[in-house]
Engineer: 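Can you read through this structure? Questions will come right after.
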Amino acid sequence: LEEKLIFEIGSTDTTGVDFAVSPAVDSRLGNLARTDAIGLPGLSEQETVRHYTRLSRQNYAIDLGLFPLGSCTMKHNPRLNEKVARMPGFADIHPLQPQSTVQGALGVINELAVWLIKLTGMHGVAMTPKAGAHGELCGLLCIRAALEARGDARQVVLVPESAHGTNPATAAFCGYKVEDIPATPDGRVDLEALKARLGPDVAAVMITNPNTCGLFERDMKVISDAVHAAGAFVYCDGANFNAIVGRVRPGDLGVDAMHINLHKTFSTPHGGGGPGSGPVVLSEALAPFGPLPYTARMEDGSIHLIEEENVGAEMPQSFGRMSAFHGQMGMFTRALAYILSHGADGLRQVAEDAVLNANYVLRSLDDVLDAPFGASGPCMHEALFSDKGLAEGFTTLDIAKGLIDEGFHPMTMYFPLVVHGAMLVEPTETESKAALDQFILALRSLAERAKAGDEALKGAPYHAPRRRLDETLAARKPVLSWIDPDLAEAAE
Amino acid sequence: LEEKLIFEIGSTDTTGVDFAVSPAVDSRLGNLARTDAIGLPGLSEQETVRHYTRLSRQNYAIDLGLFPLGSCTMKHNPRLNEKVARMPGFADIHPLQPQSTVQGALGVINELAVWLIKLTGMHGVAMTPKAGAHGELCGLLCIRAALEARGDARQVVLVPESAHGTNPATAAFCGYKVEDIPATPDGRVDLEALKARLGPDVAAVMITNPNTCGLFERDMKVISDAVHAAGAFVYCDGANFNAIVGRVRPGDLGVDAMHINLHKTFSTPHGGGGPGSGPVVLSEALAPFGPLPYTARMEDGSIHLIEEENVGAEMPQSFGRMSAFHGQMGMFTRALAYILSHGADGLRQVAEDAVLNANYVLRSLDDVLDAPFGASGPCMHEALFSDKGLAEGFTTLDIAKGLIDEGFHPMTMYFPLVVHGAMLVEPTETESKAALDQFILALRSLAERAKAGDEALKGAPYHAPRRRLDETLAARKPVLSWIDPDLAEAAE
Amino acid sequence: MRYLPLTDSDRQAMLATIGVTSIDDLFVDVPAEARLAGTIPDLPDHASEMAVERHMAALARKNLSAGEAPFFLGAGAYKHHVPASVDHLIQRGEFLTAYTPYQPEIAQGTLQVLFEFQTQVARLLGCDVANASMYDGSTACWEAIVMARRITKRGKALLSSGLHPHYVSVAQTMAKFTGDDLAYETPELDSKTDSQKLIAAIDKDTSCVVVQYPDILGRIEDLTALADAAHAVGALLVAVVTEPVALGAIKSPGAMGADIVVGEGQSIGVGLQFGGPYLGLFACKQKYVRQMPGRLCGETVDAAGKRGFVLTLSTREQHIRREKATSNICTNSGLCALAFSIHMTLLGEKGLRDLATLNHALAVQAANRLANVPGVTLVNDAFFNEFTLVLSKDARDVTRSLADKGVLGGVSLGRLFPHAPQLGQGLVVAVTETVTAEDIEAFAAALTEELA
Amino acid sequence: MRYLPLTDSDRQAMLATIGVTSIDDLFVDVPAEARLAGTIPDLPDHASEMAVERHMAALARKNLSAGEAPFFLGAGAYKHHVPASVDHLIQRGEFLTAYTPYQPEIAQGTLQVLFEFQTQVARLLGCDVANASMYDGSTACWEAIVMARRITKRGKALLSSGLHPHYVSVAQTMAKFTGDDLAYETPELDSKTDSQKLIAAIDKDTSCVVVQYPDILGRIEDLTALADAAHAVGALLVAVVTEPVALGAIKSPGAMGADIVVGEGQSIGVGLQFGGPYLGLFACKQKYVRQMPGRLCGETVDAAGKRGFVLTLSTREQHIRREKATSNICTNSGLCALAFSIHMTLLGEKGLRDLATLNHALAVQAANRLANVPGVTLVNDAFFNEFTLVLSKDARDVTRSLADKGVLGGVSLGRLFPHAPQLGQGLVVAVTETVTAEDIEAFAAALTEELA
C-alpha cells in the first residue's frame, strides 16, 4: 500500500493527452515565452488512472461505511445529484453568458432560494457564500452594513465557548472584538451571563443551535428577544440544521442570519475537504444588505440577475460582491435535486431519523461511556461522550484510532472544547439500524478495553494503510512540496 | 474483507427506490397475480452503494495494475469510450425505432464496419455476433451456407491442437465432425499434416494467427492456398489480432472469415467476463451469406437497415438472424471511439508496441524460465514459458499465485495445452517500460524461488482477499444459490 | 497517442535488450508480401480526445432518443428508469476493467456478485438454479432448446406462435445447420393464445414446448396445463420472459411448472442501447444443472476456512471439454448481470412489486384511452405492461408517421412479421413507469389524427 | 424516501431502547410555539428519482451550453477540454465522499493528492510552496492582500487597473469592514498597462501591489520592474493568474519576483459550472509560509517508519487559534484540487506546453481575423489566449445580439465595468483549444453583420 509520488514515476516528456497540431503563427507573447523547466511530470492515461485509483483506495469514505464525525453530517451522497450536476446545461455554462442564455441556471438558484427561505422561515437568502465560514462572513457583513446604515458602530461580537472555531475567527477577520460567553453545566448558553453582557457596544451574538454539545438551546427565543431589545443581531451557525429541518424554522426563533452548509444538510459531497457551499438566510432586517449577484423572479416569469449594473434600482443597500461569480452552482444543482427528492415530508423525516439515530447511540452506550449532558434532555442529531472513566493513560485518541481497526471512521475528537476528551458522534439519518448496532458494538468493546487498560489499543490502528503518523515532525520541519532527492543531495 | 450477502443483510420490505403512487385501475392480470413471496431482499441506496463498493475492492483489475493474461489482451480501457457510450443518442434508443430516428446509430455501425473491413483487407463484415465464440459460430454458418449454396455437404472441420477451446466447441455445436491437426516442435501448424488431411470432406480449417504459442504462422498464405485448392474455407480466430493490426491484413493471407474481439483489440472493457462483441470480417466468397440485420449506405448518404423485410432484394443468401437485434451497439460506440483516437498510424503503433513489450518480457526472463519456442523466432504479442526446471513439486500454479502477492494478476496458466505447465504472458501495448520492469523483477524472483524450492510459495497468495479456494469442493457439492440457513435447518 | 506509454527512448532500450535493431525485425515471420510498409491508405490518423468526442456526439445527435419523445416501444426491449447509482457502481474500475474471474482469490467481488445474481434470477423466475448470464434472451432461448434436446434426446421442439419472431429466427437459423425440427406458426390477432393447439401437438418425439410469457402480443395466461401436457410425455416446458419486471406482478413460470426459464434481463438495470449488450437469463430445475450451458459460480471455502466463491462445474465448458462442451459460449454478460443485480437490490421485493404495479396501472390507463381512439381495437384480454392494438390502417406506416410527429408509438407487427400481411394492422404498445399522462394523451391525439 | 433506511419497526424498536414513546419526545426542548405540527405548507412532498431528474433536465435545457455554440468567453473562467478520465476518477466514492483528512491513517489518498497538488501549483506559479487550495481566485486574491498586511504591518494595497473587476469588488467589500486602504482605477483601452503608474505610487506605506497576469484585457508584460520597485520599499508583489494554462507558454510570476502568487485554477480540470465551485490557488515564497492562510499538507512518517502525509501547521488555523487564526477558512476546494491535479498529471509538462501553444496559436489566428472585421480594433500588443477588441458599437448590446444568433462572442467590458462608459465598446475575447476555424469564421461573420 505504498504509492509513489507522480514526481517519482512520471516524466516531463510523457503525456496522457493528445492535441491537434498547432497552426503556425507569429508569436504574440512578446518577450515572455517561458524558457525554464517547469518540473511537471506527466503520465499516460493508463498510469494516471492507476495512480489515482490506487490512491483512492487508501481513503475511508461514506461509501465504505459509517462516518460518524460529529458536526460534519456525513450522510449518503445520492448519485442522482452527481448526474444532474453534470448535465451540460449546468456544467458547461459560463458565468458571464448573456442572461437570456442561462435562464435555467438562474431558475435553479431561484428555486433553491425559495426552498431555503421557506424551510427556515426567513425573508431572503444570500446564495454566493462558498462555504460555511464564508457564510458567517456574509452574515456578519450584513449585520455590519445594517448597523452602519443606522449609523451605529458597534465593535463587539459575543460568541459562546462551545462555538465552532470559525465563529470567532470570522468575527475577528471582520474587525470585531470577540468576547466569550460561558456555558451552563447542562451544556447550554448561560442566558443570564449573556443578558448581562448585552449593551450598546454589542453588534451581534453568534450562536449555534442545535449547539455543539448536541443540545437544542431551549432559550433561543428568549435570547433572540433580548439581543434584539439591545439593538443587536442574532447570527446562528447553521451547521447543525440537519437536526431540525422541517420541524423547526430558525426564523420562528428570532434568528437574523444563518448559513446553511449545503454539504451537510443537503448532502452535496464533501470531496475530501470541499468544495462546500454556505448560503445565508436573512431576516427582513438584514435581507436588503445581502451580497451581489442576486437573482429575482420578474412578473413575466423570467429571472433577472442583479449585479453592479442594476443594483442601484434593485438593491441599493447591498454590501457588494464577496466572490467573483454567483456562488457554488455545482452544489446548488445537487442540493436542489436532494431537496426535491425528499420533499417537505421527507425533509421532516430526515430530522426525525437523524435525532432518533443519535439518541439511540447515546442511550445504547451511556452505560459504558460518560455522557456529560446525558441528563440535559434528548440530544439532537449528535451524541456527546467524554473520556471520564477510561483507565489511566488512555484517551479519546486511543478509542478513535481503535475504531479505525474496527472498520469505522472515528467520531469527532476533542470537540467541543468545553468537554474534556470529547467524543462527538453524529450518525446521520442515512444509517440503518443494523449499521448503528454494529457501530455501537464496536464502540462498546473499545470503551471496555480502554477502561480495562488494554495496552494494545494504544498502538492502534494496525489495519490501516498507515500506523499513527508523526504530526509533530511534520509541523517542526515542514515539507510542503516534493524535493527531488538528487537535487537536494547535490545542493548539500 | 468479508462482505455479507445481500440475502443476509437486506429485507424484502426495504427498498432504495421511490415510485409515484400507482393510479387505481381495474386489474387486467387475469388470474395470474403473483401471490408467493419472491425472496428478493432490498437495500437502501446508501447500503447498496456500500455493498457494491466494498465488493469491488475485492477484485483485481486493469485499473489497478498489469494484467498479463495471455490471449485475453487486457489493455487500458479509456474513459472517453465510457462517456461516448452513455450519450443518450446511443444509450437510450430502441432497436425497433423507425429508421429515420436512428440514422446516427446506423452510422456508427457502418463507420465501424468500414474500419474493420479496411484494417483486415476483407470484403464484408457481420456486425451482430455477441462475442468471439458467437463470431466463430457466425463464420462457420457462413461457410456452411456457402457450401450448401454450391450443393456441397462437407462434414469435417480441422482444428490445430493449439486452438482456443471455443474453436472445436463451435464446430461441434454446428454439427461438424472435429479433427485435430498436430503442431510442429517449433510451435506452429504442421503444414504437411494439414495438407495430407485436406480432402473433399473438409469444410474448413480453423486456425489462430498469431497462434496461441505466441508465434506468427509463417505458412499462413501457403495454408490458405492449399485449403482453397481443396475447396474448403479458412476460418481465422482473431483473438490475437492485436499483434498485427495495422501491419498485416488477414485478407492478404487468404483468410475467409475472422472474428474480431472488440473487447481485446479495440479495448471495450471486459467487465468481469463480458459483454464481448465479435464482428466477423468475411471474404468475397462468404460475404453474401452473412447474418441479418445488416447496414448499407445508400447513394443519398442515408443508411438502410436490411432485415427480413427487405433481405430478398438486398442479400438473398443471408443465413438469417443470429441474435434478436443489431449486435453489441454499446461496444461499437466504444470501439469506434478507440479506433478514431488511434487512427491508422496509432493502430499500427499498437501492434508494434504490443509485440515489442512481449519480446522484451520474453528476452528479459528466458534465462530463468524455460521458453519452449524461444528459438522459433520473435514472439508476437505474448511470451510463452513452461514449468520446465522448477523444483520437484512446484508448478505453474505456484508461480501464478505468487504473482498475486507481488501485486500482479497472474498470467494465463496451463494454456496452450501443447506446452507443459504453460505460462502465457501478454503485457499489451498500454504498459510502460517501468511497469514491465517491475513485473519482470517479480516474475524473476518467483522463478528463482520455485527453482530453489521455497515452500512458502506453495501457500501463496497470502496478501489477497482470500487464500487458495477449494474448487473441488465447489464442484463436488455445488452450491449455486443462497439457501436461507434457517430454512435449510428447518428442512432437515 | 495518449494510450501508448512507451517513449522513443524506451523503445530503443527495449530493442537493445531483445537484441534486434528495429521493430521490423520482430515481424520477420510475416511473409514479405503481406507486410504493410506504412499505414493503411484512406484511413485518418490519430485524433485528440476532443475531436473524437465531437465526432461521436454529432452522430449521437442524429438519433431521436427515447427520453426526447413520448415513447411506447417494447417487443423485447423496454425503457425503464435505471437509478443513477447503478451506472455509478458498474463504472467502478475494479468491476469494469476486470476479466473473467479465473483467479478467484482476487476476484471475489465479481464472484460474489454472480452468486447473488444467480440467486436473484432463480427466485424471480421461480427456478432452483440460474447461470451467470448469457448473451441475450434470443440466444438463451436457443440454448434452452439445445439443452432440452440433450436432456430428452429428442429433436423436435414446438415453438409457440407467441414467441418473439426474432427469437424464432435465431432458432431457425441455428436449426438449419443442426437439423433440429422446429414447429412454428405466426400468431393470430386474438385474445386467446395457441396453447390448446400446442397441447394437441405434443407427442413422444417432442423435446420441449417453448412459450413466451407475457407473449409477443402482451398476452398472459396460466402455463400449468401446458407444463402438465409436456411432462406427461417426458417433454420439457421452456418459458421465455422478455419483460422480467412482469414477474413482480404475475406468477413465475417456474411456479407453473416450467423446467427451463430463460429471458431477456435488459429491463432491469440495462439500458436500451439500440439492442445490445443485453443480458440473457437462464434458469432451470436443480436436476438439470449439469446440462446447463454457460458459466456458473458456486460457494466454497478457502485454505483458511473462509467462505468464498469460484467458477464451478467447468467440466461442462469449452475450455475443458472442447468439442464435447455443453455450448461454445465463453464470454457472458458479466457487467450487465452486475447492473441487473444492483438494480434488483435497490428495488428489493417491495420496489419490484411497486414498479410492476405502476407499470400495469399505467398500461391499463393507456389501453383504455387508446381503445377509445376511432379506428382502434384492443386485442388483449389480460396483459401486464404491453398490449396489441389493431388499427384501421397499416401500422408500419402509422409508426413512421408518428415518428415524424415526434411520437415513438409502439412496434408494428409489420416490422416484426414482414411476411404475414394479415398482421399488418397490428401495433404492440408498451407502457412503463416512464410514461406520463401527457405522453398517453400525446400518443392518443397523434393516433387520432393519423387514423382520421 | 429512498435515502432513509429506517423502517417503521426499526423506529419503534429504537424509541423503546431510548425509553420514549414517540419521536416528539425527542424534540421537547424546542419551545412549543416553534414546533411545527406538520410539513411546511406550499412545498411539494417527496418525488421519485425519475421525476427529479426530469425536472432538473428541463431546467438544464433552458440554458445554452458552451458546447452548443461558437464560444469565446473568458474573463476569469475558461472553457477547456477536460479528459473524461478526470471526471471518472474524481467520482471514485473514496475521493468524492471522504471528509477533510482529519484521520490521516485512513486518508492517505486525499493527503498524497494534496501534497502532489501543492507541488504542482508551486512549480507552475514559480513559487516555493503552495497551500491545499482556497474557494476561488477572487477570495484567494483578498486573502493575499490580508496576508501582505500581516507580513508588512502596512494597510495600503495598490490594485492594478488590470485586475479582474470582480476581484476588485470582493477586495473592496471586505476592505470596507476591515479598513484596508485599496487604491484602484478602471483600466484604459491601451496596449500598455498601468505598471509605470503603480511603480510611481509605491511608497513606504504600501503593503503590496496586486497585478493580474495576463490581465483583464489579456495583456501580458514582464513583472520584474514592478517586483523590484515593491521590494525596494519593503512591499510585496502579489500576482494574480486567472488563466493558469498561460503559464505553459509564458514566464511564471514567481520567476519574475512575485512574493505571493494566487490564481483561479478552474481552467485545469474544473468545468465552467456557471461560476462555481472553482479552485483558488495560493503560493508564496518559503519565508512567508507561516503567514499563509488555508490548509497545508506535509510529509512525515508513521509509527512504522513509512512515509505518510498529514495536515500540518494547523496552529495557523481557526480550529486551533479561533479569533487569532490567519483566516476564517475551514473548507477548501479539495475535489476541484483533485481534478486539477489529475488533469495536470495527464498533461505533464509536455502536454501543458502543447496545450498552451495551441491556445496561443488559435488566439493569434482569431485576433488577426477579427481585427479585419470592419469596425473592429485590436487593443493588445502582446497576449496569450485572450485579447480585447474595441467595436464601433456598444459591446454589451453586441454580445446579446450575437447570443440571439447562437454565438457566444466574448465578454463585454460594459458587463464587467458598468460604471465606466468609456469602456462600453470594449469586448474581451478568449480563444482556447476548443475553438475551431469554423467557430472563428462564424464569429467573424456574425460580428461583421452586427457592426454593418
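Labels below follow one simple rule: chain letters A, B, ... track the order of the sequence lines, proteins then strands, and each chain is numbered from 1.
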Engineer: Please determine if R92(D) forms a cation-pi arrangement with Y52(A), meaning its NZ or CZ atom is less than 6.0 Å from the six-membered ring centre and no more than 45° off the ring axis.
Structural biologist: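 Not satisfied by the 6.0 Å and 45° rule.
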Engineer: Checking D42(D) against chain A: side chain, backbone, both or neither under 4.5 Å from a heavy atom?
Structural biologist: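 Contact with chain A involves both backbone and side-chain atoms of D42(D).
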Engineer: Just wondering, do T300(D) and E471(A) contact through their side chains at under 4.5 Å, heavy atoms?
Structural biologist: no
Engineer: Could you tell me whether the side chain of R34(A) and the main chain of L247(D) form a donor-acceptor pair under 3.5 Å?
Structural biologist: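 Side chain of R34(A) to backbone of L247(D), a donor-acceptor pair under 3.5 Å: yes, one is there.
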Engineer: Under 4.5 Å between any side-chain heavy atoms of M1(D) and E429(A), yes or no?
Structural biologist: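 They are not in contact (no side-chain heavy atoms under 4.5 Å apart), so the answer is no.
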Engineer: Is chain A contacted by the side chain of P83(D), its backbone, both, or neither, given a heavy-atom distance below 4.5 Å?
Structural biologist: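 Just the side chain, heavy atoms under 4.5 Å.
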Engineer: Using heavy-atom distances under 4.5 Å, tell me whether L408(D) contacts chain A through its side chain, its backbone, both, or neither.
Structural biologist: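 For L408(D), the contact with chain A is made by the side chain alone.
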Engineer: Please flag which part of S85(D) lies under 4.5 Å from any non-hydrogen atom of chain A: side chain, backbone, both or neither.
Structural biologist: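 Contact with chain A involves the side chain of S85(D) alone.
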Engineer: Which bit of L352(D) is near chain A, if near means a heavy-atom gap under 4.5 Å: side chain, backbone, both or neither?
Structural biologist: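 Side chain only.
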Engineer: Does the side chain of H360(D) reach to within under 4.5 Å of the side chain of S27(A), using non-hydrogen atoms?
Structural biologist: yes
Engineer: Could you grab the distance from atom CD of E94(D) to atom CG of D63(A), nearest 0.5 Å is fine?
Structural biologist: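 Answer for the CD-CG pair, E94(D) versus D63(A), is 7.0 Å.
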Engineer: Testing the basics here: between A75(D) and F325(A), what is the closest heavy-atom pair and its distance to 0.1 Å?
Structural biologist: O-CZ, 4.0 Å
Engineer: Which bit of S252(D) comes within less than 4.5 Å of chain A, counting heavy atoms only: side chain, backbone, both or neither?
Structural biologist: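 S252(D) touches chain A through backbone and side-chain heavy atoms alike.
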Engineer: Examine whether an atom of Y167(D) lies under 4.5 Å from a heavy atom of chain A, and if so say whether it belongs to the side chain, the backbone or both; otherwise answer neither.
Structural biologist: side chain
Engineer: With a 4.5 angstrom heavy-atom cut-off, could you sort out which part of A132(D) is near chain A: side chain, backbone, both or neither?
Structural biologist: neither
Engineer: Looking at side-chain heavy atoms only, is the closest gap between W115(A) and P44(D) below 4.5 Å?
Structural biologist: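 Yes, their side chains come closer than 4.5 Å.
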Engineer: With the threshold set at 4.0 Å, does a side-chain nitrogen-carboxylate oxygen contact exist between R11(D) and D353(A)?
Structural biologist: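 Here R11(D) pairs with D353(A) in a salt bridge, since their nearest N and O are under 4.0 Å apart.
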Engineer: Considering only heavy atoms, which portion of M14(D) lies under 4.5 Å from any heavy atom of chain A: side chain, backbone, both, or neither?
Structural biologist: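 The answer is both parts of M14(D).
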Engineer: Are E2(A) and R307(D) within salt-bridge range, i.e. N to O under 4.0 Å?
Structural biologist: no
Engineer: What part of M344(D) gets closer than 4.5 Å to chain A, counting heavy atoms only: side chain, backbone, both or neither?
Structural biologist: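 Backbone plus side chain of M344(D), per the 4.5 Å heavy-atom cut-off to chain A.
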Engineer: Given R2(D) and S341(A), is the side-chain hydrogen bond (donor to acceptor under 3.5 Å, both in side chains) satisfied, shown in steps?
Structural biologist: CA-CA 9 Å; R2(D) 58 194 175 275; S341(A) 293; 2.7 Å; yes
Engineer: Just so I know, are the side chains of D26(A) and V364(D) near enough to count as touching, which here means a heavy-atom distance under 4.5 Å?
Structural biologist: no
Engineer: Taking side chain as everything from C-beta outward and backbone as N, CA, C, O, which of these in V30(D) sits under 4.5 Å from a heavy atom of chain A? Side chain, backbone, both or neither.
Structural biologist: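 Contact with chain A is through both the backbone and side chain of V30(D).
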Engineer: Would you mind telling me which of D36(A), T48(A), D252(A), N31(A) has the largest number of heavy-atom pairs within less than 4.5 Å of chain D?
Structural biologist: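 Of D36(A), T48(A), D252(A), N31(A), T48(A) has the most heavy-atom pairs under 4.5 Å with chain D.
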Engineer: For Q172(D), is it the side chain, the backbone, both or neither that has a heavy atom under 4.5 Å from a heavy atom of chain A?
Structural biologist: neither
Engineer: Within the structure provided, determine whether F90(A) and F274(D) are in side-chain contact (heavy-atom separation under 4.5 Å).
Structural biologist: no
Engineer: Under 4.5 Å from any heavy atom of chain A, what part of T17(D) do you find: side chain, backbone, both or neither?
Structural biologist: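 Both backbone and side chain.
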Engineer: Decide yes or no for R348(A) and L36(D): does some side-chain heavy atom of the first lie under 4.5 Å from some side-chain heavy atom of the second?
Structural biologist: yes
Engineer: If only atom types and distance count, is the side chain of T15(A) paired as donor or acceptor with the main-chain N or O of L346(D) below 3.5 Å?
Structural biologist: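 Yes: the side chain of T15(A) pairs with the backbone of L346(D).
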Engineer: Is there a side-chain contact between K130(A) and D136(D) (heavy atoms, below 4.5 Å)?
Structural biologist: yes
Engineer: Which bit of L338(D) comes within less than 4.5 Å of chain A, counting heavy atoms only: side chain, backbone, both or neither?
Structural biologist: side chain
Engineer: Among L96(D), T97(D), T110(D), V113(D), find the one that has a side-chain contact (heavy atoms from CB on, under 4.5 Å) with N59(A).
Structural biologist: T110(D)
